[in-house]
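Worksheet: one structure, shown below.
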4 protein chains.
Amino acid sequence: MVKIDKDSHRPFYEQLVIGIKEDILQGILEPGDQIPSVREMAKILLMNPNTISKAYKVLESEQVLVTVKGKGTFVKQVESRPRDLRRIEELQQQFNELVIEAKHLQVTETEIKQWLKEAEAKLGGNEA
Amino acid sequence: MVKIDKDSHRPFYEQLVIGIKEDILQGILEPGDQIPSVREMAKILLMNPNTISKAYKVLESEQVLVTVKGKGTFVKQVESRPRDLRRIEELQQQFNELVIEAKHLQVTETEIKQWLKEAEAKLGGNEA
Amino acid sequence: MVKIDKDSHRPFYEQLVIGIKEDILQGILEPGDQIPSVREMAKILLMNPNTISKAYKVLESEQVLVTVKGKGTFVKQVESRPRDLRRIEELQQQFNELVIEAKHLQVTETEIKQWLKEAEAKLGGNEA
Amino acid sequence: MVKIDKDSHRPFYEQLVIGIKEDILQGILEPGDQIPSVREMAKILLMNPNTISKAYKVLESEQVLVTVKGKGTFVKQVESRPRDLRRIEELQQQFNELVIEAKHLQVTETEIKQWLKEAEAKLGGNEA
DNA sequence: GTGGTCTAGACCACT
DNA sequence: GTGGTCTAGACCACA
């Protein structure tokens with residue numbers, strides 16, 4: 001479950017965001033589950049509570065978590081919500097740049113397809 | 001050719017780096033071509049010369065450009081250099097995170113394959 | 001009757017307060033009616049009695065409910081009490097902010113008027 | 001221009017968010033304008049830079065501002081973006097509750113219509 | 001107990 | 001100069 005690489009250039013809170021999303025896709029966290037409180041998680045990951053809180057708020061704004069003051073933070077029940085086209089477009093743009101980078105590193109199309117296969121396998125074919 | 005999106009969160013210099021790499025893959029820039037000087041490019045893109053300079057330095061460090069003192073900056077001859085496994089691994093990690101994002105945005109595996117096809121088409125199948 | 005939205009950011013007790021006020025405006029609750037005791041209501045709504053108690057206290061302070069020792073809590077007789085100008089002013093300020101939000105969400109003046117019409121219809125034109 | 005009421009129950013950063021939105025609707029701030037830097041604004045309002053930053057980030061997530069690292073924060077060019085139905089629905093719900101509150105304060109439908117007229121006048125009929 | 005807000009102050013990346 | 005991240009620690013509101 002969620003690991004933070006303190007040497008990564010990626011901000012801690014973003015690593016936590018992606019980590020929790022991964023846990024959900026893998027079924028480690030399920031809709032309705034309560035996730036560790038801000039203070040608990042801070043102790044577990046040896047981080048400042050504010051940083052954890054920031055990650056939780058991002059996830060809430062992305063409709064992944066819900067937080068109830070005084071009770072805690074929970075994995076949201078997935079209602080089939082409309083696809084966020086703006087963000088999908090951004091992601092595709094990011095994907096294109098990744099492909100450019102890959103070709104410059106002499107990674108072939110076949111290899112990228114293989115990456116995709118591996119990623120899907122790791123996420124167990126679950127839906128968000 | 002290279003376009004800078006002022007509203008993007010990606011640093012200008014990174015946009016420039018990726019833009020030049022794309023131009024090379026598309027054959028707009030070819031090995032041996034001279035590219036505009038830092039000052040010229042700064043005028044063209046209405047950016048600070050320091051920013052252009054930073055981009056060029058990154059591209060030199062990645063063996064994409066060479067600067068010849070007194071002559072200018074050129075697109076490097078493609079030599080089959082050894083694959084940089086560390087950077088490829090990083091890229092795959094980045095790819096995995098992108099897939100996690102995609103699934104949370106309800107983008108299917110099929111759609112990602114389509115993205116890949118489109119990206120390859122756009123880059124004309126050229127090699128770096 | 002009163003429904004609590006667990007996913008709302010509004011505190012439970014406030015949701016209860018507004019819910020009871022709505023019931024009164026709709027005539028579901030009438031002056032003189034006894035409302036469930038704190039403990040009963042807590043069972044009905046699956047909430048902590050403290051939370052119910054807090055809501056009742058707010059409603060008492062706002063002259064909506066009265067508690068008679070040993071008998072229970074009742075909907076108060078409508079007396080034409082003086083308008084609380086301070087609170088009305090606050091409400092108007094809140095209304096202004098709501099309009100600002102609305103305009104940024106591209107909601108037109110006409111639509112807001114429609115909202116008002118719908119709200120009035122739902123409340124059946126009864127007076128508190 | 002933007003005033004913060006330190007005695008209000010509303011968080012400072014939310015007051016700032018609504019204040020900037022109002023300035024835009026009134027035409028005090030126009031698309032493309034640079035707004036005071038986080039540090040400047042902090043000095044002006046006698047607040048901590050982090051709090052200002054939080055407000056700016058909220059406004060960016062709502063597509064009202066764009067921030068460019070190293071350059072500053074700007075009022076976004078309004079592209080006619082799709083209406084965010086989820087947020088509009090939330091706002092209507094909030095509106096309904098406001099009407100309930102109003103009726104309990106003996107505010108009439110006519111008065112609310114008057115409030116709306118005044119609000120529109122104040123915002124000068126500009127579009128977001 | 002829970003999360004939310006705010007301050008103070010450090011350090012980093014980008015222009 | 002700009003904004004972004006992170007920590008430490010205080011205080012408040014809700015359940």
Side-chain angles (χ1 to χ4, degrees), chain A residues 4 6 8-16 34-42 45-60 65-74, chain B residues 4 6 8-16 42 45-55 58, chain C residues 4 6 8-16 42 45-55 58, chain D residues 4 6 8-16 34-42 45-60 65-74:
Chain A
I4 304 299
K6 298 233 171 192
S8 164
H9 279 200
R10 200 147 221 197
F12 297 170
Y13 83 93
E14 275 188 17
Q15 293 184 47
L16 185 48
Q34 180 166 10
I35 65 173
S37 78
V38 167
R39 290 163 173 84
E40 267 183 279
M41 193 61 109
L45 300 178
L46 302 172
M47 285 164 57
N48 187 291
N50 282 332
T51 307
I52 310 293
S53 182
K54 190 169 184 177
Y56 284 12
K57 288 202 100 180
V58 169
L59 286 164
E60 176 158 32
L65 299 180
V66 265
T67 91
V68 185
K69 230 172 145 177
K71 294 210 71 177
T73 304
F74 304 83
Chain B
I4 302 300
K6 224 184 72 68
S8 163
H9 266 197
R10 194 152 241 181
F12 292 174
Y13 85 93
E14 276 189 18
Q15 292 186 44
L16 186 49
L45 299 178
L46 300 172
M47 284 165 59
N48 189 308
N50 289 332
T51 308
I52 311 291
S53 177
K54 184 162 186 180
V58 169
Chain C
I4 302 299
K6 227 182 70 66
S8 163
H9 267 197
R10 194 152 240 180
F12 292 174
Y13 85 93
E14 274 188 20
Q15 292 187 45
L16 187 48
L45 298 178
L46 302 171
M47 283 165 60
N48 189 308
N50 288 333
T51 307
I52 310 293
S53 178
K54 183 161 187 178
V58 169
Chain D
I4 303 300
K6 297 234 173 194
S8 164
H9 279 199
R10 200 146 222 197
F12 298 169
Y13 82 94
E14 276 188 17
Q15 294 184 46
L16 185 48
Q34 180 167 11
I35 65 173
S37 78
V38 167
R39 290 164 172 86
E40 267 183 279
M41 191 63 108
L45 300 178
L46 302 173
M47 285 164 54
N48 187 291
N50 282 331
T51 307
I52 311 292
S53 181
K54 191 169 183 176
Y56 285 11
K57 287 201 101 179
V58 168
L59 286 164
E60 175 158 33
L65 300 179
V66 267
T67 91
V68 184
K69 233 172 145 176
K71 293 211 70 178
T73 304
F74 304 82

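Just so we're clear, the structure is a prediction, and the values are computed from it rather than from any experiment. Proteins get letters first, then strands, A, B, ... in listed order; numbering begins at 1 in each. What you see below is based on every heavy atom in this structure, not just the backbone, and it leaves out hydrogens, waters and symmetry mates.
For Lys6(A), taking side-chain heavy atoms from C-beta onward, the closest of the listed nucleotides dA15(F), dA13(E), dT7(F) is dT7(F). Relative to the side chain of Thr51(D), the nucleotides dC14(F), dC6(E), dT15(E) differ in distance, and dC6(E) lies closest. For Tyr13(A), the side-chain atoms get nearest to dT5(F) when compared with the rest of dC14(E), dT5(F), dA13(F). When distances are taken from the side chain of Thr67(A) to each of dT7(F), dC14(E), dG3(E), the shortest belongs to dG3(E). Side chain of Lys71(A), nearest nucleotide from dA8(F), dC14(E), dA15(F): dA15(F). Distance from the side chain of Phe12(A) is smallest for dC6(F) among the nucleotides dG3(F), dC6(F), dG9(F). You'll find that the side chain of Glu40(D) is closest to dT2(F), out of dA15(F), dT2(F), dT15(E). The listed nucleotides are dC14(F), dG9(E), dG3(F); the one nearest the side chain of Lys69(D) is dG3(F).
A 4.5 Å side-chain heavy-atom check between Thr51(C) and Leu16(C) finds every atom pair outside the cut-off. No side-chain heavy atom of Asn48(B) sits less than 4.5 Å from a side-chain heavy atom of Phe12(B). For the pair Thr67(A) and His9(C), the minimum side-chain heavy-atom distance is below 4.5 Å.
At whole-Å resolution of the value, CG in Leu16(A) and P in dT5(F) are 14 Å apart. Distance Phe74(A) CZ to dA15(F) P: 12 Å, rounded to the nearest Å. Atom CG in Asn48(D) sits roughly 17 Å away from atom P in dC6(F) (whole-Å rounding). Distance Gln34(D) CD to dG3(F) C1': 11 Å, rounded to the nearest Å. Between Lys57(A) atom NZ and dG4(E) atom C1' there is a gap of 7 Å when expressed in whole angstrom units. A straight line from NE2 of His9(C) to P of dT2(E) spans 17 Å, rounded to a whole angstrom. For Leu45(D) and dC6(E), the CG to C1' distance is 14 Å, given to the nearest whole Å. Taking atom CG of residue Asn50(D) and atom P of nucleotide dT7(E), one finds them 9 Å apart after rounding to whole Å.
A donor-acceptor pair under 3.5 Å links the side-chain atoms of Gln34(D) to the main chain of Lys71(D), judged by distance alone.
For dG3(E), its base sits under 3.5 Å from the side chain of Arg39(A) at one donor and acceptor pair at least.
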Problem set entry | Steps toward side-chain contact (heavy atoms from CB on, under 4.5 Å) verdict (Met47(B), Gln15(B)) | CA-CA 12 Å; Met47(B) 284 165 59; Gln15(B) 292 186 44; over 6 Å; no
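For the pair Lys6(C) and Phe74(A), the cation-pi test (distance below 6.0 Å, angle within 45°) is passed.
Residue-to-nucleotide proximity on DNA chain E shows that, of Ser53(A) and Gly70(A), the 5′-proximal contact is made by Gly70(A). The residue among Lys54(D) and Val68(D) whose nearest nucleotide of DNA chain E is located toward the 5' end is Lys54(D).
Between the CG atom of Leu45(D) and the CD1 atom of Ile52(D) there is a distance of 5.0 Å, given to the nearest 0.5 Å. With values rounded to the nearest 0.5 angstrom, Glu60(A) atom CD is found 7.5 Å from Thr73(A) atom OG1.
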Exercise. Given the rule that a pair is Watson-Crick or G-U wobble with both distances under 3.5 Å, how would you write DNA chain F in dot-bracket, using | for pairs to a different strand?
Worked result: ||||||||||||||.
